[in-house]
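Input: a single structure, listed below in structure tokens.
Just so it is clear, the structure is predicted and the values come from calculations on it, not from any experiment. All heavy atoms count here, side chains included; hydrogens, waters and symmetry mates do not.
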Amino acid sequence: MPDKFLSPYDSTATESRIYAEWEKSGLFNPDECVKQGFTKEDAATYSIVLPPPNVTGRLHMGHALMLAIEDTVVRYKRMRGLRTLWIPGTDHAAIATQSVVEKQLKKEEDKSRHDLGRAGLLERIEQFAAESHDTITKQVKTMGASLDWSREAFTLDETRSRAVRTVFKQMYDAGLIYRGHRIVNWDPKGQTTISDDEIVYEERAAKLYTFKYSKDFPIAIATTRPETKVGDVAVAVHPDDVRYKEFVGKEYDAVFCDVPIHIKIVADKEVDPAFGTGAVGLTPAHSKVDWDMADRHSLSHDTVVINEYAKMTVAGRLADKKATEARDIVVQWLTSEGLLEKEEDIKQNIATAERTGGIIEPLPKLQWFVDVNKEVPERSKTLKELMLEPVRSGEIKIIPEHFEKTYFHWIENLRDWCISRQIWYGHRIPAWYRSTDTHGKPSGEIAVGEAPEGEGWVQDEDTLDTWFSSGLWTFSTLGWPEKTRELQDYHPTDLLETGHDILFFWVARMILMTEFTLGTIPFKTVYLHGLVRDAQGRKMSKSLGNNMDPLDITAKFGADAARMALIVGNTPGTDTRISEDKVKGYKHFANKLWNIARFVLDNAQGANLQAPLTPADTELLTACDTLVQEVTKDIEEYRVYMAAEKLYHYAWHELADKILEESKPIFAGADEEVKASRKVLLVTLFDRTLRLLHPFIPFVTEEIWQSMPTKDAQFLMVAKWPS
RNA sequence: GCGCUCUUAGCUCAGCUGGUUAGAGCGUCCGCCUCACACGCGGAAGGUCAGGGGUUCGAGUCCCUUAGAGCGCACCA
């Protein structure tokens, strides 16, 4: 028995050394497993693509959980002899990364992006992204993740960029990507559009004002945003509302707070007669609902009164005022004119931008969209339907199942996806414009995909929503659009494991993109984990200061302990709580195994592994078979939380507490046959326990197994799973 | 407003398609430095499975309902 077993288990000394050895062996790469004879060349494949962490800094415990679950499954599959591929990568995360760098720039140098210019800012971001990448990679390795680093990808590298341009062009050619002038979610703080999914609604106190445009105007309207009323073109009422029936179709002129307006009364079923006065002032350019209603009544959308900086663009007393200031001015004016009838306190859900917190200003803009309701050529289905179908049919299985309902609900309410962003970091939209042709005549030409030949082409200034490139992740990481062997062997991938908070952002987009591009599903199973919360059940956040850094935790207790603490009892879709005490408990578990090793290796020295087992020992071996079957089934069905708990229980309370204890008198006794049998039993049971536990706590099991007489492979990592 | 989930021991949670005396970890209490381990060992207490109703031979597990908590989507101008 090596001397190291005489002192308690030291995870810090062991883990980094072992990871380096694994990495050096090349066995994270399935090709290498085949080459070195651990995996059969024609073995079935199993693949997972790592959800790429954003290069916005460092990993949090949620990432650690993701790595723990995925690595557990991957190690299990590898031990079962499958050609197992787990691809690492990082996400440029466009707006998220740019806003972190911009904040830093503001804080440290009091500069804005415009001070640096596009190239200058990009350089800064790339430097930041590179640093983040290195930190993240180090953290990932610390967790013990057996990722094939030779295949590492980045959402913004050359291969992935090519995939983005290619898909963009294909969707454009299919008529599914279009450029349109529509109301978008404008973030005045971030100075960019955002998609519907990037909006966070916050409940705030607001005032509902009831007033008339002028003394002569027959109907009072109610609004929380009086400043927008200078952009009104109509008042809508419900067609059955007897109060207003006589006015429908009539038109009025007024001067509202110095701004001349022309109002038509229209009837529309969407109006709720019970809210406010039952009459709505329509501001088509500054409200999505109003825009649609204006469309139905052939009203103009062109009256824009607020600009990108949320400032008023009208003349008069409101000129150049911030929207919030303009509100007060309008209210003051209404009061002095005697037009204000009522002012009520109400609660309102206000739309804010997820990344910047800016209050969304709906504005009409020319942007790029993905049409989700148009038929995909040759599929005779819309993208929406293509997203729904594989989940409906069960071709894609979501764990836990109830998220399928949430998924359907989301898709049913889905609108066209705005994919252009007015930020600089990301995939530049692969569209080029030329206003005049080669003969100098106005042409309005557009080229999409790769940069066109010829003079005078100007590329679109905007970049793509980051989820556009992440949507391609399962196949872009496998080398698409090249027809690679990897793509053939490993796609569709087997498992997509991620947080339930990005079911829509990402999972849905991957299904959309893959169905469109390859006509297949991107993955067979979706495993959604919950949030990792602190001991009190609070979200971990910077402001609360309750963040746990995976590096600190692993340094203190070991990656094995951290992994086990994150996995045991953590059912999919449910939030979990983590505390240092919990992790400490599993550090003790690693040490327990260490001590079992000491006992077994000490007492089973010189064991004859061929010695026959006594009936009692046979029975214990059979009991272990049952455990093997149960654990195998649990992992196959992605109940890793259950498998981990059973193994913990078996190792500690069965093997150590009962079997080791009852072995003591046997070894102290005189019956050599029983002793010989017991030696074999202990070695066999412990060997199996180590194999079964390896996917969960890879380091300590590997370290012990290297000293086991049953060692039959270079690493436990590629040893055979018991059956 | 629409939808989803949760409510099981002091705490955090399991309990798969309904089936023997409802489990784990932590905590608590009692006793132990017993030659693998005090990062430990042995033992104990502790639950009318939120309330009510129903289906069933049988329900923590299925259905209805009430109450509380959390989450998602939509959104009222």
Classify the side chain of A:E661 and the base of B:A36 as holding, or not holding, a donor-acceptor pair under 3.5 Å. yes

If you check every side-chain atom of [X], which of [options] has the closest atom?
| X | options | value |
| --- | --- | --- |
| A:R598 | B:A77, B:G25, B:A36 | B:A36 |
| A:K592 | B:A77, B:G40, B:A14 | B:G40 |
| A:T571 | B:C4, B:G15, B:C16 | B:G15 |
| A:W410 | B:C73, B:G72, B:A77 | B:C73 |
| A:V289 | B:C73, B:A77, B:C75 | B:C75 |
| A:K405 | B:C4, B:C73, B:C39 | B:C4 |
| A:H402 | B:G72, B:A36, B:C4 | B:C4 |
| A:F504 | B:G15, B:G42, B:C73 | B:C73 |

Got a sec, which residues hit salt bridge (charged side-chain N to carboxylate O under 4.0 Å, His left out) with A:R355, two or more places apart in sequence or on another chain? none

Six-ring centre of A:F408, A:R392 cation under 6.0 angstrom, axis tolerance 45°: yes

Using the ring of A:F667 (Phe, Tyr or Trp, six-membered ring only), decide whether A:R678 places NZ or CZ under 6.0 Å from its centre and within 45 degrees of its axis. no

Reading 5' to 3' and counting Watson-Crick or G-U wobble pairs with both distances under 3.5 Å, write the dot-bracket notation for RNA chain B, | for bases paired outside the strand. (((((((..((((.....[...)))).(((((.......))))).....(((((..]....))))))))))))....

Per the under-4.0 Å heavy-atom filter, residues of residues 573-589 of chain A near RNA chain B come out as A:T574, A:R577, A:K587, A:H588

Any base atoms under 4.0 Å from [X], or only sugar-phosphate, or nothing? Heavy atoms, all strands.
| X | value |
| --- | --- |
| A:D657 | sugar-phosphate |
| A:T283 | nothing |
| A:V568 | nothing |
| A:R415 | sugar-phosphate |
| A:N349 | base |

Let me spell it out: for each of A:K229 and A:E645, pick the nucleotide of RNA chain B with the closest heavy atom. Which residue's pick is nearer the 5' end? A:E645

